[in-house]
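Step one of this worksheet: look at the structure below.
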Amino acid sequence: MTPADITGTSCSRALDSDCGAGVGKSVLLGMSGGVDSSVASLLLRRQGWQVRGLTMITHDGGFAAAEDARAVCDTLSIPLLVVDVREAFRRLVVDDFISAYLMGLTPNPCIRCNPAVKFSLLIREADRLGCSAIATGHYAGIRRNPATGRLALLKTPSGRKDQTYFLHRLDQSQLNRLTFPLEGLQKPAVRQIAAEYGLSGQDGSSLAVKPDSQDICFIPDGNYTDFIRRELLRHGPSDALKLTEPGKTVDINGKTIGSHQGLIHYTVGQRKGFQVRTTDRLFVIGMELSSNTLIVGPYEQVLKKQIRVGEIVYSGAESFKAGDRLLARIRSSAREMPCQVEPEPDGDLAVTFEQPVSAPSPGQSCVFYDRDLIMAGGIIRMS
RNA sequence: UGGGGUGUAGCCAAGUGGUAAGGCACGGGACUUUGACUCCCGCACUCGUAGGUUCAAAUCCUGCCACCCCAG
């Protein structure tokens, strides 16, 4: 679809015509106030859907974005529902985020939020409002895996913006109601649509040039370590505070070669932020919580051929059997790498990569693809 | 005030006569709905200091200063 399809003289007719996938049906669209979900609302209407918007307030700083969503909905005459989910978000996402760091993990709060808060709220409200479908402005698609009949997220072709990694924990019932209007589009095209349609935020500024969201939404200044420390102090003294305080940095042989600022500042594979007496470029290869020690080493020591992945959510696959060959992505921006999986008795997966991968970080997600479909995904365990 | 050692960027540090490596930190940018990684660009007209030797000195010589160690 080109922008011309929804703008110009044919636009108004197309927007409210009764042809398209959504004719006679209503959809509840998650709207963040950003350009993606705003353009998604346009596209849904063009498909004939009766669109309702839902904006969720996840944290104290979330009200401004809601105003932008309101502005868009006013422009397009879309009814908008704003729901305050701060309590649930704190319980299901923020608390998990903090406790993960206190276990030496590197959590990905967006991945926890999607199934537990964002999409479960969309489903709940869609049911309440009588909407048959839900939608968001993510860059992703959904397909049924012919081999199993199960629904799976469809990855965007490589080189484009693909957000399936963040959505991999959605379950079948969530995928079953979901549609992604932005599937197949690229970001520049979406911005162009916003520009041509003149979408603007609450203050009148163009959504077409609104920056992408980034960083952790509930930590606007980006300083997550300060955030964790503040939260810990709020609950009074505790042993956990030790992890926010400086300690020693050692090499793989246990020899002390410097110091660090507090273990919550680090993640496996990180190369900066610790003070060490050396001329080499060193990376975090692990940490020891009990002694507040950071372990670092040269790049080779950060390469791993085997990892263990837990908390598996199966999508396109119903299960795996030993020796299944897949492609796995161990971070949002990484390429998928060929691997073999072997289910463990406890439900975890032992994963062996064909080639060593760089710095799999415990707490981050490992998502398994078969070609372009997500088969399953889970959380990387401590090695 | 006898002996030995060391002084190179905010920190660590290579360099022993030929025109200041590298790592951390720092600043700017790209990438990015997590944390990271990665990639660009910048960062000592100068090597404690004052002289000397040399076509050429961080490198050799001398004085001075500072710090460290060992002795009394």
Side-chain angles (χ1 to χ4, degrees), chain A residues 30-37 56 58-59 61-62 65 89 93-94 96-98 100-114 117-119 136-140 156 159-169 182 187 190 210-220 222-228 249 251 256-287 294 296-299 302-304 329-335 337 357-367 377 379-380:
Chain A
M31 299 186 74
S32 65
V35 61
D36 293 330
S37 54
M56 52 194 78
T58 56
H59 58 105
F89 184 81
V93 179
V94 179
D96 174 84
F97 173 82
I98 294 171
Y101 265 110
L102 298 182
M103 290 188 283
L105 300 168
T106 306
N108 188 328
C110 300
I111 283 180
R112 295 287 186 188
C113 171
N114 281 330
V117 178
K118 190 174 290 179
F119 286 84
T136 64
H138 285 103
Y139 292 85
T156 306
R160 300 197 198 170
K161 196 175 179 72
D162 170 48
Q163 295 176 315
T164 53
Y165 180 84
F166 296 98
L167 300 169
H168 81 267
R169 299 189 77 76
L182 263 38
K187 188 84 186 195
V190 169
K210 186 174 178 179
D212 288 5
S213 62
Q214 54 184 18
D215 297 332
I216 301 166
C217 73
F218 55 92
I219 308 176
N223 193 334
Y224 76 88
T225 55
D226 273 4
F227 175 83
I228 292 172
T249 295
D251 65 20
T256 299
I257 56 173
S259 58
H260 73 253
Q261 308 168 35
L263 291 181
I264 62 166
H265 288 82
Y266 307 97
T267 185
V268 171
Q270 185 167 334
R271 135 180 118 72
K272 298 181 173 186
F274 44 90
Q275 295 70 46
V276 77
R277 307 164 65 115
T278 176
T279 61
D280 302 323
R281 176 173 284 194
L282 297 178
F283 299 78
V284 172
I285 61 176
M287 52 185 76
L294 187 71
V296 301
Y299 183 71
V302 113
L303 295 172
K304 289 276 187 297
R329 197 190 292 183
I330 60 168
R331 48 167 73 26
S332 60
S333 59
R335 253 206 336 257
M337 305 295 283
V357 293
S358 174
S361 306
Q364 294 285 289
S365 288
C366 179
V367 179
I379 311 293
I380 299 170

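Naming convention: chains lettered A, B, ... in sequence-line order (proteins, then strands); numbering from 1 in each chain.
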Presence of donor-acceptor pair under 3.5 Å, side chain of A/S332 and base of B/rU34: yes

Return yes if some donor-acceptor pair links the side-chain N/O of A/S361 with the main-chain N/O of A/V268 below 3.5 Å, else return no. yes

Indicate, with a heavy-atom threshold strictly under 4.0 Å, whether A/F283 touches base, sugar-phosphate, or nothing. sugar-phosphate

Roughly how far, to the nearest 0.5 Å, is CD1 of A/I228 from CD1 of A/I219? 6.5 Å

Let me know, please, whether A/T279 or A/P360 comes out on the 5' side of the other along RNA chain B by nearest nucleotide. A/T279

Does A/T278 get its side chain close enough to the base of B/rG23, under 3.5 Å, for a donor-acceptor pair? no

Only pairs with both distances under 3.5 Å count, Watson-Crick or wobble alike; so what is the partner of B/rA58 in this structure? none

Is A/R281 near enough to B/rG23 that one of its side-chain N or O atoms lies under 4.0 angstrom from OP1 or OP2? yes

Scan every strand shown for a Watson-Crick or G-U wobble partner of B/rC37, both distances under 3.5 Å, and answer none if you come up empty. none

Give a yes or no on whether the backbone of A/G258 and the side-chain of A/Q275 come within a donor-acceptor separation of less than 3.5 Å. no

Looking for any heavy atom pair under 4.0 Å, which part of the strands does A/Y224 touch: base, sugar-phosphate only, or nothing? sugar-phosphate

Could you tell me the separation between the CG atom of A/D212 and the C1' atom of B/rA30, rounded to a whole number of Å? 14 Å

Measure from CD1 on A/I330 to C1' on B/rU38 and round the result to the nearest Å. 14 Å

Side-chain donor or acceptor of A/K210 paired with backbone N/O of A/G33 under 3.5 Å: yes

Find which nucleotide of RNA chain B each of A/G269 and A/C110 is nearest to by heavy atoms, and output the residue with the more 5' nucleotide. A/C110

With syn defined as a glycosidic torsion within 90 degrees of 0 and anti otherwise, which applies to B/rC37? syn

Under a 3.5 Å cut-off for both contacts, is B/rA66 paired Watson-Crick or G-U wobble with anything, and if yes, with which nucleotide? B/rU6

Counting any heavy atom closer than 4.0 Å, what does A/G258 reach on the DNA or RNA strands: base, sugar-phosphate only, or nothing? nothing

Is there a donor on the side chain of A/T267 or the base of B/rG35 sitting less than 3.5 Å from an acceptor on the other? yes

So does A/K161 get a side-chain nitrogen or oxygen closer than 4.0 Å to the phosphate oxygens (OP1/OP2) of B/rU33? yes

Would you indicate what A/D36 reaches in the nucleic acid, counting non-hydrogen atoms under 4.0 angstrom: base, sugar-phosphate, or nothing? nothing

Mind checking whether A/Y224 and A/Y101 have parallel, tilted or perpendicular rings, split at 30° and 60°? parallel

Under 3.5 Å, is there any donor-acceptor pair linking the side chain of A/Q214 to the base of B/rU33? no

How many whole angstroms separate atom CE of A/M103 from atom C1' of B/rG35? 15 Å

Taking the side chain of A/R331 as its heavy atoms from C-beta onward, which of B/rC37, B/rU33, B/rA36 lies nearest to it? B/rA36

Contacts of A/R329 that satisfy salt bridge (Lys or Arg N to Asp or Glu O under 4.0 Å) - sequence neighbours left out: A/D162, A/E336

Looking at B/rC26, which nucleotide sits across from it as a Watson-Crick or G-U wobble partner, both distances under 3.5 angstrom, or is there none? B/rG42

